[in-house]
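So the structure is just underneath, and the comments pick up after that.
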Amino acid sequence: MRERSLVPAGMSTILPEAARRFRKIETQLIETLAGRGFEEIILPTFEYLDVLTPGLEPELIEKCYKIPDRTTGRILLLRPDATAQIARTVAMGMMGDRTPLKLSYRTTVFRYEPEHAGRDREIFQVGAELIGTDDSASDQEIVSRLIDCLRNIGLRSFKVSLGHVGFFKRLLVQAGLSDAGKKQAEQAAARKDVPKLEEILSVGRVPRRAGRRILEALELSGTAEVIAEGRALAGKDAALHRSLDRLSQVYHALCRAGHRTALFLDLGEFRGFDYYDGIVFDVFAEGVGVELGGGGRYNHLIGRFGRNLPSTGFALIVDRLFQGLGTTAAQPVSSSKKSS
């Protein structure tokens with residue numbers, strides 16, 4: 001007979017020794033952000049589906065845990081995304097009218113993943129949001145705060161992959177893909193799935209030259225020379241050059257701030273959430289096969305809830321930080337989890 005699990009797949013039991021280290025890392029991250037003016041916010045565990053839907057893409061809504069509210073009959077969501085919650089909170093005027101806003105949070109998000117996918121369904125996060133500014137200085141600040149957080153918990157060997165989602169999106173527009181085709185191509189790009197992207201371009205009958213530019217951009221990564229190579233791909237397209245201008249400004253500002261060795265540029269950098277529309281980034285560490293976290297600019301997300309405010313932010317996944325630090329906490333933290 002197959003042994004039945006006592007804990008649902010993808011959920012966590014954190015034992016005392018690991019819990020102490022876990023809370024210490026969370027506290028170090030929050031205190032690092034507080035030292036730079038980020039105020040902590042505590043978010044509700046449940047949201048109404050109809051209220052939060054404008055901030056969630058359909059694929060994420062499908063992964064949400066949905067529960068009927070016995071009082072109202074409305075459908076509740078078990079928190080699937082902290083950024084959308086903060087966007088809703090700010091748009092409702094709960095933080096007043098002052099900007100910029102600097103907010104931090106430590107929370108857990110819940111997303112359904114098929115058991116065979118080997119992904120967590122319960123994700124512990126610490127994050128930050130910088131709301132109300134849209135310039136290269138605020139992009140630089142949020143990446144700098146991410147790097148500060150990682151260094152202050154003792155992580156030394158990591159890399160931040162920095163890109164601009166507008167560059168790749170513009171290439172897809174130029175290729176003439178349908179809306180569905182563009183969405184599929186974006187999802188393939190986020191996974192760095194070149195064969196799938198080639199298939200999508202073929203099915204969409206994208207001209208060979210345009211398809212070649214898209215595939216070249218997806219694999220174009222390195223240091224400062226990437227900007228020049230991107231300009232060669234951009235040709236005379238002003239929108240592509242604007243994306244590269246912003247990326248160049250942020251990259252060189254971060255280098256001047258002493259972060260050069262922690263950075264690499266990636267013109268195929270493409271976060272999985274569709275609300276990102278500017279500078280984006282992921283962070284990786286040796287020995288961890290998935291990103292430790294990431295973030296980017298989302299200038300139109302808060303506007304979906306009724307108040308236009310440019311914003312940027314990041315989230316770090318705490319149990320993956322344990323792996324990056326090389327501690328033994330990964331086993332006792334989540335003995336019920338499959339490897340991700």
Side-chain angles (χ1 to χ4, degrees), residues 57 130 132-143 160-192 194 197-198 200-201 204-254 263-282 294-304 308-313:
E57 57 191 289
L130 175 53
T133 59
D134 181 12
D135 53 28
S136 60
S138 53
D139 290 328
Q140 178 212 339
E141 178 175 1
I142 206 69
V143 178
V160 178
S161 170
L162 188 67
H164 194 299
V165 72
F167 188 87
F168 199 84
K169 281 188 173 183
R170 178 63 179 169
L171 290 178
L172 296 179
V173 169
Q174 289 181 337
L177 284 167
S178 66
D179 289 343
K182 284 186 287 188
K183 182 62 177 177
Q184 292 170 354
E186 290 170 4
Q187 292 171 341
R191 299 190 304 269
K192 296 292 187 183
V194 174
L197 183 56
E198 290 175 333
I200 294 165
L201 298 177
R205 297 184 178 181
V206 172
R208 181 173 298 180
R209 183 170 180 272
R212 186 169 61 248
R213 294 170 74 200
I214 290 169
L215 293 169
E216 287 179 12
L218 185 62
E219 299 195 359
L220 192 54
S221 62
T223 52
E225 73 280 356
V226 168
I227 301 294
E229 294 170 359
R231 294 199 188 281
L233 279 181
K236 296 182 179 180
D237 189 280
L240 289 172
H241 283 286
R242 283 195 296 271
S243 295
L244 291 171
D245 289 343
R246 182 66 162 257
L247 181 59
S248 178
Q249 290 167 6
V250 175
Y251 174 73
H252 288 293
L254 287 165
L263 302 171
F264 73 95
L265 294 170
D266 184 353
L267 291 189
E269 177 62 42
F270 210 102
R271 302 275 302 155
F273 291 95
D274 67 356
Y275 51 65
Y276 290 113
D277 50 23
I279 294 291
V280 289
F281 49 90
D282 277 309
R297 180 159 292 282
Y298 53 95
N299 280 353
H300 300 93
L301 176 59
I302 299 179
R304 297 182 189 179
N308 286 311
L309 282 172
S311 306
T312 184

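Atom CD of residue Q174 and atom CZ of residue R170 lie 5.0 Å apart, to the nearest 0.5 angstrom. Atom CD of residue E269 and atom CG of residue D282 lie 4.0 Å apart, to the nearest 0.5 angstrom. Here the CG-CG distance, from L201 to L215, works out to 5.5 Å after rounding to the nearest 0.5 Å. Atoms OH and CD, from Y275 and E57 in turn, are 8.5 Å apart once rounded to the nearest 0.5 Å. To the nearest 0.5 angstrom, D274 atom CG is 6.5 Å from K169 atom NZ. The OH atom of Y276 sits 7.5 Å away from the CZ atom of F281 when rounded to the nearest 0.5 Å.
Under the 4.5 Å side-chain criterion, counting only non-hydrogen atoms from C-beta, L247 is in contact with L267. Residues S136 and Q140 have side chains not in contact (no heavy-atom distance under 4.5 Å, counting atoms from C-beta outward). Residues I214 and L172 are in side-chain contact: their nearest non-hydrogen atoms beyond the backbone lie under 4.5 Å apart. Under the 4.5 Å side-chain criterion, counting only non-hydrogen atoms from C-beta, L240 is not in contact with L233. With a 4.5 Å cut-off on side-chain heavy atoms, V143 and D139 do not count as touching. Between E216 and L220, the closest side-chain pair of non-hydrogen atoms is not below 4.5 Å.
Residues D266 and S161 approach most closely at CB-OG, 3.4 Å, considering heavy atoms. Between G181 and I200, the shortest heavy-atom contact is O-CG2, 3.8 Å. Heavy-atom minimum distance, A185 versus L197: CB-CD1, 3.7 Å. Listed here is the closest heavy atom pair of G235 and H241: O-NE2, 2.7 Å. Shown here for S243 and G166, the closest heavy-atom pair between the two residues is OG-C, 3.7 Å. Closest non-hydrogen pair, S311 versus G132, comes out as OG-N, 4.2 Å.
For K182, the salt bridge (Lys or Arg N to Asp or Glu O under 4.0 Å) partners are D179, not counting sequence neighbours. Applying the side-chain hydrogen bond (donor to acceptor under 3.5 Å, both in side chains) criterion to N299, with sequence neighbours excluded, gives D134, R297. Applying the side-chain contact (heavy atoms from CB on, under 4.5 Å) criterion to A137, with sequence neighbours excluded, gives D135. Among residues two or more places apart in sequence or in another chain, the salt bridge (Lys or Arg N to Asp or Glu O under 4.0 Å) test is passed with R231 by D245.
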Test log, rule side-chain contact (heavy atoms from CB on, under 4.5 Å), inputs F264 and L162 | CA-CA 6 Å; F264 73 95; L162 188 67; over 6 Å; no

Quick one: do N308 and I302 satisfy side-chain contact (heavy atoms from CB on, under 4.5 Å)? Show the steps, please.
-> CA-CA 6 Å; N308 286 311; I302 299 179; over 6 Å; no

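Within 6.0 Å of atom NE2 in H300, 12 or fewer heavy atoms from other residues, nucleotides or ligands are found, so the atom counts as exposed in its surroundings.
Applying the ring-ring contact (aromatic ring centres under 6.0 Å, His included) test to every pair with at least one member in residues 161-183, sequence neighbours left out, gives these pairs: F168-F270.
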Could you list the donor-acceptor pairs under 3.5 angstrom formed by side chains in residues 221-228, with sequence neighbours left out?
residue	atom	partner	partner atom	Å
T223	OG1	E225	OE1	2.6
E225	OE2	T223	N	3.2

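Counting only distance, with no hydrogens or angles, the side chain of T312 and the backbone of G296 share a donor-acceptor pair below 3.5 Å.
A salt bridge is absent between K192 and E219: the closest approach of a Lys/Arg side-chain nitrogen to an acidic carboxylate oxygen does not fall below 4.0 angstrom.
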